[in-house]
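One structure is given below, encoded as structure tokens.
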Amino acid sequence: MNDFANTWAPPLQPTPLAAQLNDRQREAVLHTEGPLIVLAGAGSGKTKMLTSRIAYLIEAMKVPAYQVLAVTFTNKAAAEMRERVEKNLLASGSGHLGQPEIGTFHSVCVRLLRRELGRTPFTQPFTIYDDSDQLSLIKAAMSALQIDDKSFNPKAVQGAINRAKCDAVEPAEARAAATDVFARQAARVYEEYQKSLFANQALDFGEIICMTYRLLRDHADIREKYQRRFRYIHVDEYQDTNRAQYLLLSILAAKSLGGHENICVVGDEDQSIYKWRGADIRNILDFEREYPGCHVVKLEQNYRSTKTILAAAGSVIRNNLARKEKTLWTENEEGRKIIRAQLADERAEAEMVVAEIKQLLAGNDRSYSDFAIFYRTNAQSRQFEDVLRREKVPYQVVGGLRFYDRKEIKDILCYLKCIVNPSDSISLKRILNVPGRGIGKTTLEKLDQFYIDSNRTGSITFWDVLQRAALDPSLTSSGTAKKISGFVQLLKKFMADQPKLLLSELYHEILDEIGYVRVLREEGTEESSARIENLEEFDTILQEFEEDHLENLTEEQKGQKKLELLSLFIEQSTLSSDIDQLEASASSVKLMTLHSSKGLEFPVVFLVGMEDGLFPSVRNWGEATDEDIEEERRLCYVGMTRSREVLYLMGVVVRRIWGDVSYQEPSRFFQEIPEEYLEMRDFSYGNRVQEYRVGSSRQFGYSKPKADLTGWVGREMIHPEYGRGTVIASEGGGTDQKVTICFSRGSEKKFLLRYVASFFS
DNA sequence: TTTAGCTCAATTTTT
DNA sequence: TTGAGCTAAA
């Protein structure tokens with residue numbers, strides 16, 4: 001069955017490690033020289049393959065560990081890989097040189113940039129701006145350019161800039177390529193934004209990659225250094241790489257640029273779900289063209305799901321045209337059918353999910369952590385949270401507001417950021433009047449105007465402006481100058497004390513001096529006490545961080561490390577996400593978006609809200625392209641293949657969207673699943689929920705919701721007063737949608753759909 | 001300068 | 001429906 005095995009002999013004896021792999025995985029592990037692409041289907045053991053490969057390189061091939069690079073997209077994936085590689089190496093007991101570099105694209109690049117700081121535009125440790133910091137700076141740039149933010153939406157400009165960065169397009173190129181007014185203005189802002197970004201000694205997420213790329217591209221010595229350093233490159237989730245990341249990898253690996261071409265990329269185009277964020281699916285589809293003669297390995301054996309789940313997911317994804325044909329198979333058992341349910345409304349949907357969870361908990365030896373609920377949008381989580389809370393089922397929501405994005409945490413983080421990097425105008429402006437010290441909008445505007453005006457002549461920071469305003473009452477007023485002076489003195493005190501203090505000590509000094517907790521206590525609301533709790537948790541995080549990093553150092557070393565440590569902490573807080581904190585072991589039901597679910601697996605999965613318009617979700621139905629639908633379909637595939645044993649696909653008839661009642665059509669993806677894999681179920685939990693029995697998955701035709709109202713025509717209902725009837729016409733839309741029903745008793749009546757929706761069978 | 005009330009917009013979000 | 005951000009009044 002393995003036609004490749006006949007022609008190929010491993011260069012070295014397989015290690016015991018390699019012996020635990022299947023033929024294909026082993027093939028990928030042993031192919032260490034030259035370009036390699038591994039098409040790894042869902043659940044095919046690609047992490048196992050990757051970690052074995054890294055261990056094999058270090059152990060059997062005697063490659064110095066530090067020459068191995070592995071990049072992932074999440075900290076969680078990186079941490080898992082690091083852990084498993086370490087375990088492999090530990091098991092073998094061999095001493096090895098240094099550590100393999102395993103991290104996210106961003107963390108690897110940030111480390112490189114910090115190492116080469118002298119070759120960057122930065123003169124001090126840089127700050128990383130998240131999306132909201134970035135938006136603030138874009139607004140500032142627009143105001144400096146006197147571009148009206150009503151005619152040009154700053155968020156749209158931000159989108160344009162970030163798209164350019166994903167494609168490694170620089171401001172000059174963007175300007176040259178601009179064909180319309182918006183693109184031209186966006187390019188202007190982009191240029192101005194870049195200037196102020198560097199003046200702030202700051203980077204945004206996209207720039208981390210782009211700057212690293214430019215650094216390697218423009219400096220032969222640095223390029224050669226890292227080509228030598230990273231001799232074996234591994235890229236996880238390759239289908240999610242964007243153009244800039246692709247170029248970065250090429251520069252390290254491509255022969256034409258002096259590289260070694262020892263690059264192993266692992267991906268699955270069927271799981272590419274970040275096209276909307278710049279991921280370029282061509283990177284994986286074209287890899288073979290970019291690296292002629294590259295070796296291709298397909299991992300098609302799935303170790304995760306039942307035959308039924310795999311077959312159903314496969315029949316969905318087969319409808320995509322932009323993919324390499326591959327067929328997943330498994331030795332796992334047939335398993336039970338996929339349970340499909342159509343509920344009355346989102347409340348009923350949540351009730352049913354929780355009831356099923358309780359039932360399965362009672363019947364089998366399952367625990368809360370076996371269950372996951374996936375939805376398309378975060379807004380859908382509320383109903384589930386309500387019912388789970390009421391039923392006392394422990395749960396954990398992934399996503400939503402990050403811990404570090406909470407107002408109180410961000411405020412304090414901004415103080416820390418300003419201490420490390422006072423050039424950071426965004427953070428300075430944020431904390432200038434937090435907590436309130438009487439420096440309001442008018443003052444800020446004056447300072448800002450002065451900042452913009454004086455910056456035309458030289459490189460003056462906002463911090464310089466503040467210091468000047470503290471001494472010069474003519475800039476504002478004598479009262480205001482005093483207040484600004486107080487703030488400047490305060491920050492200077494923190495800067496002076498920083499080297500003497502532990503992180504947590506510095507944190508307490510800040511809190512005490514600015515009286516943050518006191519202000520919150522005075523509020524005395526539930527919300528403010530939650531904020532105080534978060535601040536306490538932040539304290540714990542700081543202490544733990546410090547313990548982890550200062551463990552083996554002498555007192556003297558500790559002193560030197562403090563500034564470095566503070567920047568490292570700030571960096572980590574910006575580069576970490578919610579999912580990193582997800583504990584698989586925690587005994588709770590997990591709730592998350594389909595996007596967050598990638599890379600995870602659960603014995604029981606509820607995929608909810610499967611309704612056309614919501615999932616697949618398309619912003620403008622008229623403009624829904626096949627590509628958009630294909631990405632949604634991949635999302636569906638990702639969601640289904642997370643499930644090991646039991647999969648529920650659910651949707652509702654009536655959903656309140658933005659306060660409006662909307663009548664939903666079942667997701668078109670249902671039609672793509674053969675009926676033999678599906679089991680229709682009657683659900684009636686509690687008396688408020690009507691039964692929504694669905695006769696057949698094919699009963700609902702494919703239709704365009706809202707715009708096309710024919711979806712209801714032909715449906716049957718039983719009206720409590722008029723009896724059995726069929727829809728013969730429908731008109732209107734949204735809340736006002738009406739249906740004309742012809743009753744078997746002979747009458748014909750018109751109803752508002754929302755009043756009779758529950759009578760349909 | 002602060003704040004109460006209004007308008008407007010609104011997917012997904014590894015970093 | 002919810003929230004963020006802005007204008008008008010205290």
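First the proteins, then the strands, lettered A, B, ... as listed; each starts at 1.
- In this pair, A:F73 does not lay its aromatic ring on the base of B:dT15; centres under 5.5 Å and planes under 30 degrees do not both hold.
- Among the atoms of the strands shown, only primed sugar atoms or phosphate atoms (P, OP1, OP2) are found under 4.0 Å from some heavy atom of A:S596.
- Using a 4.0 Å heavy-atom criterion, one finds that A:N75 contacts the sugar-phosphate atoms exclusively.
- Not one side-chain nitrogen or oxygen of A:N378 sits closer than 4.0 Å to the OP1 or OP2 atom of B:dT11.
- Using a 4.0 Å heavy-atom distance criterion, A:T443 is classed as a sugar-phosphate-only contact.
- Residue A:R634 is out of contact with every strand shown, counting any heavy-atom pair closer than 4.0 Å.
- Going from atom NZ of A:K441 over to atom C1' of C:dC6 covers 8 Å, rounded to whole Å.
- When distances run from any side-chain atom of A:T593 to the nucleotides B:dT13, B:dT15, B:dT14, the shortest one goes to B:dT13.
- Nearest nucleotide to the A:R376 side chain, out of C:dT7, B:dT14, B:dT11: B:dT11.
- At whole-Å resolution of the value, CG in A:D236 and P in B:dT15 are 13 Å apart.
- Whole-Å rounding puts the A:H595 NE2 to B:dT13 C1' distance at 8 Å.
- Geometrically, A:R304 does not engage A:F602 in a cation-pi contact defined by less than 6.0 Å to the ring centre and at most 45° from the axis.
- Between A:R382 and C:dT2 there is a side-chain polar atom (N or O) within less than 4.0 angstrom of OP1 or OP2.
- Judged purely by distance below 3.5 Å, without hydrogens or angles, the side chains of A:Q383 and A:Y375 never pair a donor atom with an acceptor atom.
- For A:L575, taking side-chain heavy atoms from C-beta onward, the closest of the listed nucleotides B:dT11, B:dT14, B:dT15 is B:dT15.
- The side chain of A:T574 places no N or O atom within less than 4.0 Å of a non-bridging phosphate oxygen (OP1 or OP2) of B:dT15.
- Between A:Q158 and the options A:Q134, A:K139, A:R163, a side chain to side chain donor-acceptor pair (under 3.5 Å) holds for only A:Q134.
- Atom CG in A:D131 sits roughly 10 Å away from atom P in B:dT14 (whole-Å rounding).
- Rounded to whole Å, the distance from NZ on A:K165 to P on B:dT13 is 22 Å.
- Side-chain atoms of A:E611 come within 3.5 Å of backbone N or O of A:V652 as a donor-acceptor pair.
- Rounding to whole angstrom units, CG of residue A:N433 and P of B:dT3 are separated by 11 Å.
- Taking atom CG of residue A:D405 and atom P of nucleotide C:dG3, one finds them 16 Å apart after rounding to whole Å.
- Evaluated for a ring pair (Phe, Tyr, Trp, His ring centres under 6.0 Å) with A:H595, the options A:W276, A:F374, A:F73 yield exactly one hit, A:W276.
- Between A:G206 and A:W658, the residue anchored nearer the 5' end of DNA chain B, judged by the nucleotide with its closest heavy atom, is A:W658.
- If you measure from atom CG of A:D345 to atom P of C:dT1, you get 16 Å, rounded to the nearest angstrom.
- As judged by a 4.0 angstrom heavy-atom cut-off over every strand, A:Q380 is placed among residues making no nucleic acid contact.
- At a threshold of 4.0 angstrom between heavy atoms, the contacts of A:Y274 include nucleobase atoms, whether or not backbone atoms are also involved.
- Between the side chain of A:R437 and the base of B:dT1, no donor-acceptor pair under 3.5 Å is found.
- Looking at A:N378 and A:S381, their side chains never bring a donor and an acceptor atom within 3.5 Å of each other.
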